[in-house]
**Q** 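Right, I'll just put the structure down here and ask away after.
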There are 2 protein chains.
Amino acid sequence: MTDDRRDREVPVAGGGLLHRRALLMAGAITGGGLATSVFAAGRSPPPASMLQPGAALSGYGARSRSGAAIQRIVPELPFPGTGSSRTPLQLLEGTITPNGLHFERHHNGVPQIDPATHELLVHGLVRQPLLFRYEDLLRYPRESRVLFLECSGNSGALGAPEPVQASAGQLNGLVSGAEWTGVRLSRLLGEAGLTGEAAWVQAEGADAAGMVRSIPLSICLDDAMVALFQNGEPLRPEQGFPMRLLLPGIEGNASVKWLRRLKVMAAPAFSREETSKYTDLLPDGKAEQFSLRMGVKSIILNPSYGLDLHGAGYQEISGLAWSGRGSIRKVEVSADGGATWGEAALGGPVLPKALTRFRMPWRWNGAPATLMSRATDETGAVQPLRAAWLAQSGASKGYHSNVVQSWRVQADGKIAHVYA
Amino acid sequence: MTDDRRDREVPVAGGGLLHRRALLMAGAITGGGLATSVFAAGRSPPPASMLQPGAALSGYGARSRSGAAIQRIVPELPFPGTGSSRTPLQLLEGTITPNGLHFERHHNGVPQIDPATHELLVHGLVRQPLLFRYEDLLRYPRESRVLFLECSGNSGALGAPEPVQASAGQLNGLVSGAEWTGVRLSRLLGEAGLTGEAAWVQAEGADAAGMVRSIPLSICLDDAMVALFQNGEPLRPEQGFPMRLLLPGIEGNASVKWLRRLKVMAAPAFSREETSKYTDLLPDGKAEQFSLRMGVKSIILNPSYGLDLHGAGYQEISGLAWSGRGSIRKVEVSADGGATWGEAALGGPVLPKALTRFRMPWRWNGAPATLMSRATDETGAVQPLRAAWLAQSGASKGYHSNVVQSWRVQADGKIAHVYA
């Protein structure tokens, strides 16, 4: 390490965390120890790939052999269409999840729907019930927004008495990010004309679960959309093709897929999915219902369980942060189990209700270290420590976990999930 | 049409263009003529998709049957790996192009490269030549940016004497948008240490074309990156796996794929790709070289050739705009062949050197109309009309066309490509 570099690298917290401006410095942040110095440059024979013509152009393409190893995490299930698959977050970068890797949650499998016969009915407390065909909706004004979608059961394993040894995606992969395009729900409701008693909207899917959720009208008239496209292309079947509800910042379950009916009501439906499930059991035995908005949260993805470090030295700590209440204001990182914290760099653009990538420069000295991240959103809400969350919520709460998570880096570079 | 709506819809230009705030109005912008009024709501039998369990969770998923019909436009070629495939822009939405649909341009096919043996050599006018393995680069600080990439030959057909009747993607589909993640090139060059004579960098690919381009050092030290990920996942083979150069705002050809060498030089290499090809032939017979930065440009995608209108009434005009010089400041749309123009709404976030989606509300009266779009970027540069561009550049110029394009909507709703 040169003196020059040491001068510019400002520690901001214990355990080797550096000021985020180190990310912007040109030159030898890594200490030159990663690349290999060479003296007979340019003398190596050309690689095999240069000796014969490559493969043809293609209509849709495929991933590289190693890239194709990146798959959603699909559990063994008694009914293979009922459950969830998770995004392998720790193997991905940036903030956009490819459509093939966006998490899934189905209650009775993925229906195949012909868009030519699918219809969306808007009825109930409206002046004029309306039927929208897919091709009708394609003529409406559209908007595109980059948004996160998170299952309210995500990170539920953090409530287990002992830390589950599993990858970041296995623990937290029920969240993904995409650019969604669709029609504002307020426009469709406005066209049907709400009556004075209208206060809730019951959304129903065309799947074999007949998935039903009740959503407060205020959310429906805010920024909710009926989504038709994801990351540029039409929705995929597992994401609700031909159309789904998309409620920014709200637990994923309420963004009903394969949307076929919106019934405007004066009260919630109290369906199975909002009584037996998707409620938050409190310590006193009561349950919170319609706790729909997702909290402020962050997770460190690199390094993390399964992505062991290969020796001391420079290492970028990075991960994702998001909040159902708006934009991320800051993410703090600790390398000493929460004793001291430094502020990470946020990758732009920092968008409301979207995934934000944070990055923190770190010079690991090779000693054991405990990494944690803690996000704050634009409302000032701060991600809680696990102990505080449990004290308030009780260990029985399986939904809406947004606790600070901890990775223990051992001296041999292996990484364990710990409760710090 | 209700009087109420007519009051709120403010025309901003001829031919039925409306003020963009109409996009934000709730209610019956479409005049209620698109949805079907129903009276026996809720009585229809459940669709077949509700009567049996759906398909299983999956590791990577697939598109719907109709979605899978959306393919890159691959021409018939004597050597199927040498040429280009185009993004079917008119069938997509938003600003992110799925990786499987990002345009391709190869000069001798797509090599399959094992990342474990691939090396990037930085040599030439440096204090210390360095070899970077793929796994080395994965330890460097990364950044993620949403960027457009455009082949300098894109829209070259606009120079033809008669308007080619083809889709927006066939004419202009050598542009795509993605979130790229990689390592700043300035960091790698800084680690090797530039000597005083350094002024250009020659980039070489590991494909069978041995693709070589010379890039001014100023571009390399600005915002250039060595990209490793695209839309979250590792690069695909056709986009340069395991690593490519990515030069924001610069003609795509210079973002050398399968990057294996960066040679720092005092002068350009004057390779085949910057002498015989990728130069701009001027009317006086001279050629501009290294005219690398892409101009300000926009195209209307919907409606466009092949996407005929089905009857008069409300129609959203939308398309994409971008500039190699920075952000888009505004996009103007004309429905009367350029006689009058109205300003479109820009979808946020409007990012520098990235695709920006514009939308313009339009109430088509059913009479023939000529649609045009014209973008202005943050530097004040305005997309030129075709006649002006030809007068300045000459008909022989096949690269860097950014002329205003025109679609003629006929009374029967069919759409033709015209020169207006």
Side-chain angles (χ1 to χ4, degrees), chain A residues 23 26-28 34-36 38 41 47 49-50 53-57 59-61 63-64 67 71-72 74 80-81 85 92-94 96-98 100 104 108-111 113 123 129-132 136 139 141 144 179 181 186 190-191 206 208 229 231-234 236-238 241 316 347 349, chain B residues 23 26-28 34-36 38 41 47 49-50 53-57 59-61 63-64 67 71-72 74 80-81 85 92-94 96-98 100 104 108-111 113 123 129-132 136 139 141 144 179 181 186 190-191 206 208 229 231-234 236-238 241 316 347 349:
Chain A
L23 294 172
L34 298 181
T36 308
V38 284
S49 59
M50 301 186 78
L57 300 160
Y60 199 69
R63 298 183 291 169
S64 68
Q71 298 276 323
R72 286 190 285 232
V74 183
S85 69
L92 303 181
E93 252 296 350
I96 296 291
T97 309
E104 301 169 275
N108 205 355
V110 181
I113 295 177
H123 67 135
L130 293 174
L131 264 181
F132 297 89
D136 296 336
R139 288 190 61 179
S144 302
E179 182 191 45
T181 299
S186 59
E191 202 155 308
F229 297 84
N231 289 337
E233 63 186 9
R236 289 177 170 218
E238 68 264 33
F241 182 79
E316 178 172 284
Chain B
L23 294 172
L34 298 180
T36 306
V38 283
S49 59
M50 301 186 79
L57 300 160
Y60 199 69
R63 300 184 289 169
S64 67
Q71 298 277 323
R72 287 191 285 232
V74 183
S85 69
L92 304 180
E93 250 298 347
I96 297 291
T97 308
E104 302 169 276
N108 205 354
V110 181
I113 295 178
H123 67 135
L130 293 175
L131 263 181
F132 297 89
D136 296 336
R139 289 191 61 179
S144 302
E179 183 191 44
T181 298
S186 59
E191 203 156 305
F229 297 84
N231 290 337
E233 65 187 8
R236 291 179 169 216
E238 69 263 33
F241 181 79
E316 178 171 285

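Note that the structure is predicted; figures quoted are calculated from it, not measured. Sequence lines set the chain letters: A, B, ... in the order given, protein chains first and strands last, and positions in each chain run from 1.
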**Q** Against chain B, label A:E233 side chain, backbone, both or neither, depending on which of its atoms sit under 4.5 Å from a heavy atom there.
**A** both
**Q** Pick from A:P53, A:P234, A:G67: which one has the most heavy-atom pairs with chain B under 4.5 Å?
**A** A:P53
**Q** Search all heavy atoms of B:A56 against all heavy atoms of A:E104 and return the closest pair with its distance.
**A** O-OE2, 4.5 Å
**Q** Select, from B:A208, B:G61, B:G109, B:G59, the one with the greatest count of heavy-atom pairs under 4.5 Å involving chain A.
**A** B:G59
**Q** Against chain A, work out which of B:E316, B:M50, B:Q71 has the most heavy-atom pairs shorter than 4.5 Å and name it.
**A** B:M50
**Q** With no hydrogens and no angle check, is any side-chain donor or acceptor of A:S49 less than 3.5 Å from a backbone partner on B:A206?
**A** yes
**Q** How long is the gap from CG on A:D136 to OG1 on B:T36, to the nearest 0.5 Å?
**A** 5.5 Å
**Q** Using a 6.0 Å distance limit plus a 45 degree cone around the ring axis, check whether A:R63 lies over the aromatic ring of B:F241.
**A** no
**Q** Could you check whether any side-chain N or O of B:E93 sits under 3.5 Å from a backbone N or O of A:T181, counting only pairs where one atom can act as donor and the other as acceptor?
**A** no
**Q** Taking atom OH of A:Y60 and atom CZ of B:R236, what is their separation to the nearest 0.5 Å?
**A** 6.5 Å
**Q** Of the listed residues (A:P111, A:G232, A:S144), which shares the most heavy-atom pairs with chain B below a 4.5 Å separation?
**A** A:G232
**Q** Looking at A:G81, A:S85, A:P80, A:G347, which makes the most heavy-atom pairs under 4.5 Å with chain B?
**A** A:P80
**Q** So which part of B:E179 gets closer than 4.5 Å to some heavy atom of chain A, the side chain, the backbone, both or neither?
**A** side chain
**Q** Can you tell me which portion of B:I113 sits under 4.5 Å from chain A's heavy atoms? Options are side chain, backbone, both or neither.
**A** side chain
**Q** So, for B:P349 and A:P349, which heavy atoms are closest and what is the spacing to 0.1 Å?
**A** CG-CG, 3.8 Å
